[in-house]
Amino acid sequence: MSGSPMPILQIEHLTLVQPNWTVSHKVKAFCTTRLSGRSEGVYDSFNLATHVDDDVAAVQANRQTLKETLNLPSKPFWLDQQHTTVAVAFSEELSAQKPVADAAWTQKKGQVLTVMTADCLPIILADHDASIVVAIHAGWRGLAEGVIEKTLAKLPVKPESLQAWIGPAISQRFFEVGGEVLDAFVEKRVATLDFFKQSESDSSKYFADLPNLADFILRECGVREVSFSGLCSYDQPELFYSYRRDGETGRMATLIWLD
């Protein structure tokens with residue numbers, strides 16, 4: 001495991017997390033926070049999701065701020081995330097449809113990929129030659145059912161050529177789950193038992209370590225370099241949305257593209 005908590009980046013009025021990895025300067029990537037936006041109430045304030053009950057005009061204003069502040073080279077490729085294991089290659093046709101998928105990749109320069117999260121893992125990857133970028137949304141179900149493996153299997157490059165970064169997500173200390181979640185992982189990989197800690201107050205409950213589960217799967221698939229943000233969405237309400245903490249809430253976006 002590499003990566004440690006990093007300072008938050010400020011670009012104009014936008015507060016962002018910049019991945020702490022060592023990819024080519026041709027790879028651009030950022031993760032948004034909840035700060036500096038137009039949304040109000042439980043969505044305060046930089047919510048980027050249109051599928052929650054936030055004011056659509058506020059979300060569109062936030063998206064426009066994102067585009068202008070980061071000088072994005074294209075409209076982000078937004079996915080209809082449903083905790084699937086579907087991974088798609090970017091195309092203009094798919095972009096217009098907003099496909100049901102939880103991972104995407106592109107070799108097209110200037111095309112922005114994005115995934116939205118509020119506790120789940122945003123995982124981005126790029127190869128050493130800066131010829132491809134990948135974005136994955138992974139909650140516990142997606143991880144257990146193989147979203148990482150299925151995405152890597154579709155790529156036109158070998159996993160060994162890729163480097164990964166795991167962004168802000170819920171940490172093990174706050175992610176209590178039932179035995180069915182543990183079983184979903186252990187039935188496929190016995191070694192994943194190491195990433196569950198039994199609750200001291202309820203023996204039927206466990207605390208799951210999603211970031212390290214993802215790291216384990218990535219490395220098992222051949223990805224040799226994995227970095228972590230070290231930031232917990234649940235534990236930092238001033239910076240991040242958290243569905244587990246708040247229920248009704250907004251979403252951060254993690255973006256990646258080739259310059």
Side-chain angles (χ1 to χ4, degrees), residues 1-3 18-31 70 72-117 120-139 141-167 169 188-189 210-211 213-229 253-259:
M1 180 177 78
S2 61
Q18 188 165 30
N20 48 335
W21 59 354
T22 56
V23 294
S24 166
H25 68 279
K26 297 178 182 178
V27 176
K28 306 300 181 186
F30 300 93
C31 176
L70 292 181
L72 296 180
S74 70
K75 179 182 177 181
F77 182 31
W78 302 101
L79 303 174
D80 182 359
Q81 299 170 192
Q82 299 287 342
H83 297 278
T84 69
T85 59
V86 177
V88 296
F90 169 82
S91 71
E92 297 292 347
E93 182 181 2
L94 271 183
S95 183
Q97 298 171 3
K98 192 180 180 184
V100 175
D102 284 81
W105 77 91
T106 188
Q107 293 180 291
K108 181 182 178 181
K109 289 185 178 180
Q111 179 54 56
V112 181
L113 303 180
T114 184
V115 289
M116 289 188 290
T117 57
C120 291
L121 301 169
I123 304 170
I124 52 176
L125 303 101
D127 69 338
H128 297 297
D129 297 329
S131 71
I132 189 170
V133 288
V134 186
I136 301 173
H137 161 259
R141 193 177 301 279
L143 275 186
E145 294 180 357
V147 67
I148 290 176
E149 303 94 303
K150 292 178 181 179
T151 300
L152 294 176
K154 284 191 171 184
L155 301 181
V157 299
K158 294 183 181 299
E160 290 78 9
S161 70
L162 295 167
Q163 183 175 163
W165 181 73
I166 300 171
K188 292 183 178 181
R189 296 177 172 90
L210 289 184
L213 278 163
D215 174 61
F216 178 82
I217 295 168
L218 284 162
R219 293 182 186 278
E220 188 175 75
C221 289
V223 179
R224 294 169 181 164
E225 297 178 63
V226 183
S227 301
F228 294 71
S229 74
T254 298
L255 308 97
I256 186 168
W257 69 95
L258 293 170
D259 198 11

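For this chain, numbers begin at 1 and follow the sequence in order.
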So, the side chain of [X] versus the backbone of [Y]: is there a donor-acceptor pair under 3.5 Å, distance only?
X: Q111; Y: K75; result: yes
X: D102; Y: H83; result: yes
X: D127; Y: I132; result: yes
X: Q81; Y: V115; result: no
X: S227; Y: W165; result: no
X: T114; Y: T254; result: yes
X: S95; Y: F77; result: no
X: K108; Y: F90; result: no

Return the [atom1] to [atom2] distance between [X] and [Y], rounded to the nearest 0.5 Å.
X: L258; Y: S131; atom1: CG; atom2: OG; value: 7.5 Å
X: M116; Y: L255; atom1: CE; atom2: CG; value: 10.5 Å
X: L213; Y: L143; atom1: CG; atom2: CG; value: 6.5 Å

Where do [X] and [Y] come nearest, in terms of heavy atoms and distance?
X: W105; Y: K154; value: CH2-CB, 3.7 Å
X: Q18; Y: A29; value: CG-O, 4.1 Å
X: A130; Y: K26; value: CB-CB, 4.0 Å
X: A144; Y: K188; value: O-NZ, 2.8 Å
X: L79; Y: A101; value: CB-O, 3.6 Å
X: S74; Y: G110; value: OG-O, 2.9 Å

>> Please evaluate residues L152 and I148 with respect to the criterion side-chain contact (heavy atoms from CB on, under 4.5 Å), reporting the C-alpha separation (whole Å), side-chain torsions for both, the decisive distance (0.1 Å), and the verdict.
In response: CA-CA 6 Å; L152 294 176; I148 290 176; 3.8 Å; yes
>> Determine whether V147 and I123 satisfy the following criterion, side-chain contact (heavy atoms from CB on, under 4.5 Å), listing intermediate values before the conclusion.
In response: CA-CA 11 Å; V147 67; I123 304 170; over 6 Å; no
> Per the side chain to side chain contact (heavy atoms under 4.5 Å, CB included) rule, which among K28, E225, Q163 passes with V23?
Replying inline: Q163
> Looking at L210, I136, L121, which hits side chain to side chain contact (heavy atoms under 4.5 Å, CB included) with I166?
Replying inline: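 One option only clears the test, and that one is L121.
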>> Let's go through Q97 and L94 carefully: what are the C-alpha distance in whole Å and the side-chain angles of both, what is the deciding distance for side-chain contact (heavy atoms from CB on, under 4.5 Å) to 0.1 Å, and is it a yes or a no?
In response: CA-CA 5 Å; Q97 298 171 3; L94 271 183; 3.7 Å; yes
> Partners of K98 by side chain to side chain contact (heavy atoms under 4.5 Å, CB included), sequence neighbours excluded?
Replying inline: T50, W78, D80
>> Restricting to ring pair (Phe, Tyr, Trp, His ring centres under 6.0 Å), what partner residues turn up for H128, sequence neighbours left out?
In response: none
> Do the non-hydrogen side-chain atoms of V86 and V100 ever get within less than 4.5 Å of each other?
Replying inline: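 No, side chains not in contact.
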> How far apart are the C-alpha atoms of L125 and L218, what are their side-chain angles, what is the distance that settles it, and do they pass the side-chain contact (heavy atoms from CB on, under 4.5 Å) test?
Replying inline: CA-CA 10 Å; L125 303 101; L218 284 162; 4.1 Å; yes
> Got a sec: does the CD of E93 have more than 12 other heavy atoms crowding it under 6.0 Å?
Replying inline: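 At most 12 heavy atoms, drawn from other residues, nucleotides or ligands, come within 6.0 Å of this atom.
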>> Between E149 and R189, does the salt bridge (Lys or Arg N to Asp or Glu O under 4.0 Å) criterion hold? Intermediate values first, please.
In response: CA-CA 13 Å; E149 303 94 303; R189 296 177 172 90; 2.8 Å; yes
